[in-house]
Protein chains: 2
Amino acid sequence: MPGLRPRQQQILDFIRAYRADHSYMPSVREIQAGCAISSTSVVDYNVRILEREGYLRRSPDISRGIELVGDEPERAVELISVPIIGTIAAGSPMPVPEVTGWPAEDVETVSLPPELTPRHSEQLYALRVKGYSMIDALIDDGDIVVLRPAADPRDGDLVAAWLKLEEEATLKRFYREGDRIRLQPANTQMEPIMVAADNVEVYGKVVAVIRRLE
Amino acid sequence: MPGLRPRQQQILDFIRAYRADHSYMPSVREIQAGCAISSTSVVDYNVRILEREGYLRRSPDISRGIELVGDEPERAVELISVPIIGTIAAGSPMPVPEVTGWPAEDVETVSLPPELTPRHSEQLYALRVKGYSMIDALIDDGDIVVLRPAADPRDGDLVAAWLKLEEEATLKRFYREGDRIRLQPANTQMEPIMVAADNVEVYGKVVAVIRRLE
DNA sequence: ATGGAGTTGGAACGTCTGTTCGGGGCCCAG
DNA sequence: CTGGGCCCCGAACAGACGTTCCAACTCCAT
């Protein structure tokens, strides 16, 4: 992506510099001030272009909702050890990570190579899949799924969810549709299921699946 | 700083998880929703405490102006680096590991954690799966399969095989039946296929499957 | 000139968001 | 009982913020 007008380059540089100083993102008006632009609409105009060109992403109607792409912050280079805190099966409750005294002594762990490690790896945990109920998510009996506590999952994320009414754990892709939620199997040939938003409890977002064979 | 009320711990966990998913910080009302709190003032109250206790910093009057203080170190363990020598798809020939001058310079690699490393890890290689032809083996597009050259596969092994007549690469479980070979999909609901022994060339035995999700 | 595409400027609208205020339970020492 | 921390609730205020609309400007090929 070569073509980038000076104004856009200037804005991009400002955002990068701002990001180095603060852990949150600049607002439109801060960009305006920092780049000596006389109107917020000019910022919006150029930021739109930057988004269209793939330099960043925006979350509409969200303050400071700019995300830089290709600028993965502080990816850990070393091997991460993730505790396997239990099993997940269709009909049995999922274990949830205990917040207190997390690094227990005797839990089994799995190590994640750097290539698999997401941006923030502090609170990862893993579950061993029991049974064949996740077949539609291309997940086999015995697989290990690595999860991250999901605050406010985004559309399309593969999440581990607990359906309260059905008393069932499931791994599906998450889509918000008004006050309901569509859970879409990873296997696209299968039909999605619709559930009320207050019937689904999202425990985590799947960041990796590991299968070890004999 | 030991004493941290459950509500505060909950909020802290939510912020950390949110931060892992988004590059910007959650708003007070998002914390409220994510922690099932019924008022923004409760969030403000507890976030104030978290700030006073030194867990985070706030920039007043700034949307999403929360900054987490302190991040954790990681540990390093020994891990095996496996070259990804190519892709495997249904209709195209599989690459085979070159025995000579193996450690090429510019090949992509994937690191295997110790738990995944089999006994003899010297000649491991990996392929990236292209397309959805391995769905019946519960292997998705983009998955990485780690292989070991299989001199004499045992019954039940999951092998990467090349069907000469059909000119097709496939991942199936291997069963010898007289002078023919039964290739059984991992998905037990699907029918096995029978091929003549001299029509199948076993390239390797799958020792691990790794799937990384965004 | 002339027109269009790309860009800037100014202002306003509506919402998002941090913050504050008054009130109300709960628990325990006095 | 009384009072005071401690925590939660609902509502509202004021400012921060993303977004939109329209006019004007530059540049360039026609």
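Computed from a predicted structure; not experimentally measured. All chains are named by letter (A, B, ...) in the order of the sequence lines, taking the proteins before the strands, and each is independently numbered beginning at 1.
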What is the distance from [atom1] of [X] to [atom2] of [N], rounded to the nearest Å?
| X | N | atom1 | atom2 | value |
| --- | --- | --- | --- | --- |
| B:I31 | C:dG18 | CD1 | P | 8 Å |
| B:I11 | C:dG18 | CD1 | P | 13 Å |
| A:Q32 | D:dC17 | CD | P | 12 Å |
| A:Y24 | C:dT17 | OH | C1' | 14 Å |
| A:E53 | C:dG6 | CD | P | 12 Å |
| B:Y45 | D:dG5 | OH | P | 12 Å |
| B:E30 | C:dC16 | CD | C1' | 10 Å |
| B:Q9 | D:dC7 | CD | C1' | 17 Å |

Handout entry: A:N46 vs C:dT8: side-chain N/O to OP1/OP2 distance below 4.0 Å
Key =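 Yes.
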
Exercise for the section: Would you tell me if any nitrogen or oxygen in the side chain of B:R7 comes within less than 4.0 Å of OP1 or OP2 on D:dC8? Expected result: yes

Exercise for the section: Any chance you could measure B:E67, atom CD, to B:S59, atom OG, to the nearest 0.5 Å? Expected result: 5.0 Å

N/O contacts under 3.5 Å, protein versus nucleotides 18-21 of chain D?
from   : atom 1 : to    : atom 2 : distance (Å)
D:dG18 : OP1    : A:R64 : N      : 2.8
D:dG18 : OP2    : A:V28 : N      : 2.6
D:dG18 : O3'    : A:D61 : N      : 3.3
D:dG18 : N7     : A:R29 : NH1    : 3.0
D:dG18 : O6     : A:R29 : NH2    : 2.9
D:dT19 : OP1    : A:D61 : N      : 3.0
D:dT19 : OP2    : A:R58 : NH2    : 3.0
D:dT19 : O4     : A:T40 : OG1    : 2.9
D:dT20 : OP2    : A:R48 : NH2    : 2.8

Practice task
Could you tell me which non-hydrogen atom of B:M25 sits nearest to which non-hydrogen atom of B:I66, and how far apart they are?
Solution key: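 Nearest heavy atoms, B:M25 then B:I66: CG-O, 3.1 Å.
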
Practice task
Provide the closest heavy-atom pair for A:R128 versus A:G142 in the form atom of the first, atom of the second, distance.
Solution key: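 Scanning both residues, the minimum pair turns out to be CG-O, 4.0 Å.
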
Handout entry: Among B:V146, B:L147, B:D157, side chain to side chain contact (heavy atoms under 4.5 Å, CB included) partner for B:K205
Key =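 Exactly one option meets the side chain to side chain contact (heavy atoms under 4.5 Å, CB included) with B:K205, and it is B:D157.
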
Problem - Ring-face cation contact, B:Y24 with A:R64, 6.0 Å cut, 45° max - result: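 Not flagged: A:R64 not positioned over aromatic ring of B:Y24.
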
Only pairs under 3.5 Å count here: list side-chain donor-acceptor contacts from residues 44-51 of chain B, not counting sequence neighbours, and write none if there are none.
from  : atom 1 : to    : atom 2 : distance (Å)
B:D44 : OD1    : B:R58 : NH1    : 3.1
B:D44 : OD1    : B:R58 : NH2    : 3.4
B:D44 : OD2    : B:R48 : NE     : 2.8
B:D44 : OD2    : B:R48 : NH2    : 3.1
B:N46 : OD1    : B:Q8  : NE2    : 3.2
B:N46 : ND2    : B:V42 : O      : 2.8
B:E51 : OE2    : B:R58 : N      : 3.2

Practice task
Apply side-chain contact (heavy atoms from CB on, under 4.5 Å) to the pair A:Y132 and A:D140, showing each step before the final yes or no.
Solution key: CA-CA 6 Å; A:Y132 298 95; A:D140 202 2; 3.4 Å; yes

Problem - Sugar-phosphate, base or nothing in reach of A:I49, heavy atoms under 4.0 Å - result: sugar-phosphate

